[in-house]
Amino acid sequence: GVRYVPKMGYSWKTVTAADGTVQSVEYVPNEEPVAVIEYKPLSLEKVDDGTLAGPAIDAYLAGLATDSNRMHAVGKILDACHPKGDVKGKTKRYSEAEKQKKADRLARLATVKETLTLHELCNKMPNRFKDD
């Protein structure tokens, strides 16, 4: 069978009966003009999709060998991502102050994990976290 292609600006309008048989085919001008969509190349900037950074931070910390490495990393994350930065102050090992600092750090980290998106984390700490 030969397929007829309607010329520009026209299209086939098929009238079908209730039982699906074709009653007639009309050649009609298109009602609405075809919209021309401007081509925009996708930007390379990642869009922030709102994914929270918590799981990525947890996975990263879980991959560190020791608790002190983890605490050091938490400090770095807070420095980069928490409005108040890291919990400052030198502490003696195994002292109350150290326990307090650790608790404060973890509390701050918890607030960061609730609000920080993965996208922001990757922007603020590109060497440690990658936006895939």
Side-chain angles (χ1 to χ4, degrees):
V2 182
R3 247 183 112 232
Y4 293 102
V5 176
K7 73 172 197 272
M8 282 294 286
Y10 283 81
S11 49
W12 302 121
K13 185 175 173 208
T14 319
V15 181
T16 46
D19 64 356
T21 54
V22 174
Q23 303 279 297
S24 67
V25 177
E26 296 164 24
Y27 191 51
V28 292
N30 291 336
E31 279 105 28
E32 64 262 9
V34 178
V36 177
I37 296 166
E38 182 188 347
Y39 173 71
K40 286 200 188 80
L42 283 166
S43 76
L44 296 172
E45 179 62 36
K46 293 272 194 200
V47 178
D48 194 339
D49 60 1
T51 310
L52 287 179
I57 293 175
D58 290 338
Y60 171 72
L61 294 174
L64 298 175
T66 65
D67 197 47
S68 67
N69 288 4
R70 276 189 281 277
M71 273 300 118
H72 182 72
V74 167
K76 290 270 180 263
I77 293 169
L78 292 178
D79 256 343
C81 306
H82 194 277
K84 289 192 187 133
D86 188 13
V87 179
K88 296 281 182 252
K90 283 253 180 266
T91 56
K92 281 209 197 86
R93 275 192 88 166
Y94 310 118
S95 64
E96 276 307 310
E98 190 194 43
K99 283 190 196 132
Q100 187 54 53
K101 181 175 176 181
K102 184 173 171 178
D104 290 347
R105 266 185 168 166
L106 292 174
R108 267 188 205 182
L109 184 66
T111 61
V112 164
K113 286 198 286 198
E114 282 164 23
T115 56
L116 185 74
T117 63
L118 187 55
H119 178 74
E120 291 171 322
L121 177 68
C122 297
N123 282 352
K124 288 175 177 166
M125 306 188 75
N127 305 336
R128 282 180 201 242
F129 297 96
K130 294 276 179 278
D131 208 344
D132 2 287

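Any value given below was found using the heavy atoms of this structure, including those in side chains, with hydrogens, waters and symmetry copies removed. Computed from a predicted model, the values in this text were never measured in an experiment.
For E98, the side chain to side chain donor-acceptor pair (under 3.5 Å) test picks out no residue, with sequence neighbours left out. With sequence neighbours left out, the salt bridge (charged side-chain N to carboxylate O under 4.0 Å, His left out) criterion links R105 to D86.
A distance of 5.0 Å separates CD1 in I57 from CG in L121, rounded to the nearest 0.5 Å. Atom OG1 in T111 sits 8.5 Å away from atom NZ in K84 (nearest 0.5 Å). Summarising the geometry, atom OG1 belonging to T66 is positioned 7.5 Å from atom CG belonging to L64; distances are rounded to the nearest 0.5 Å. The NZ atom of K113 sits 11.0 Å away from the CG atom of L52 when rounded to the nearest 0.5 Å. The OG1 atom of T117 sits 8.0 Å away from atom CG of N123, with the distance rounded to the nearest 0.5 Å.
Within a 6.0 Å radius of NZ in K102, no more than 12 heavy atoms belonging to other residues, nucleotides or ligands are found. Surrounding NZ of K90 are at most 12 heavy atoms belonging to other residues, nucleotides or ligands under 6.0 Å away.
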Could you go through residues 14-23 and list every donor-acceptor pair under 3.5 Å that involves a side-chain atom there, pairing it with any protein atom two or more places apart or in another chain?
from	atom 1	to	atom 2	distance (Å)
D19	OD1	T21	N	3.1
D19	OD1	T21	OG1	2.8

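Both L109 and L116 sit in one connected hydrophobic cluster of ILVMFWY residues. Membership requires side-chain heavy atoms under 4.5 Å apart, directly or through other members. Y60 is connected to M125 through a chain of hydrophobic side-chain contacts under 4.5 Å among Ile, Leu, Val, Met, Phe, Trp and Tyr, so both are in one cluster. Taken together through direct or relayed side-chain contacts under 4.5 Å among Ile, Leu, Val, Met, Phe, Trp and Tyr, L118 and V74 form part of one hydrophobic cluster. In the hydrophobic clustering of this structure, F129 groups with L61; members are Ile, Leu, Val, Met, Phe, Trp, Tyr whose side-chain heavy atoms approach within less than 4.5 Å, directly or through other members.
Among all heavy-atom pairs drawn from K124 and A80, the shortest one is CD-O, 3.4 Å. In terms of heavy atoms, D48 sits closest to E120 at OD2-CG, 3.9 Å. Across all their heavy atoms, A73 and R128 have their closest contact at CB-NH1, 4.0 Å.
Looking only at distances, a side-chain donor or acceptor of K101 sits under 3.5 Å from a matching main-chain atom of G89.
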Trace of the side chain to side chain contact (heavy atoms under 4.5 Å, CB included) decision for L106 with M71: CA-CA 9 Å; L106 292 174; M71 273 300 118; 3.6 Å; yes

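At least one side-chain heavy atom of D79 sits less than 4.5 Å from a side-chain heavy atom of K88.
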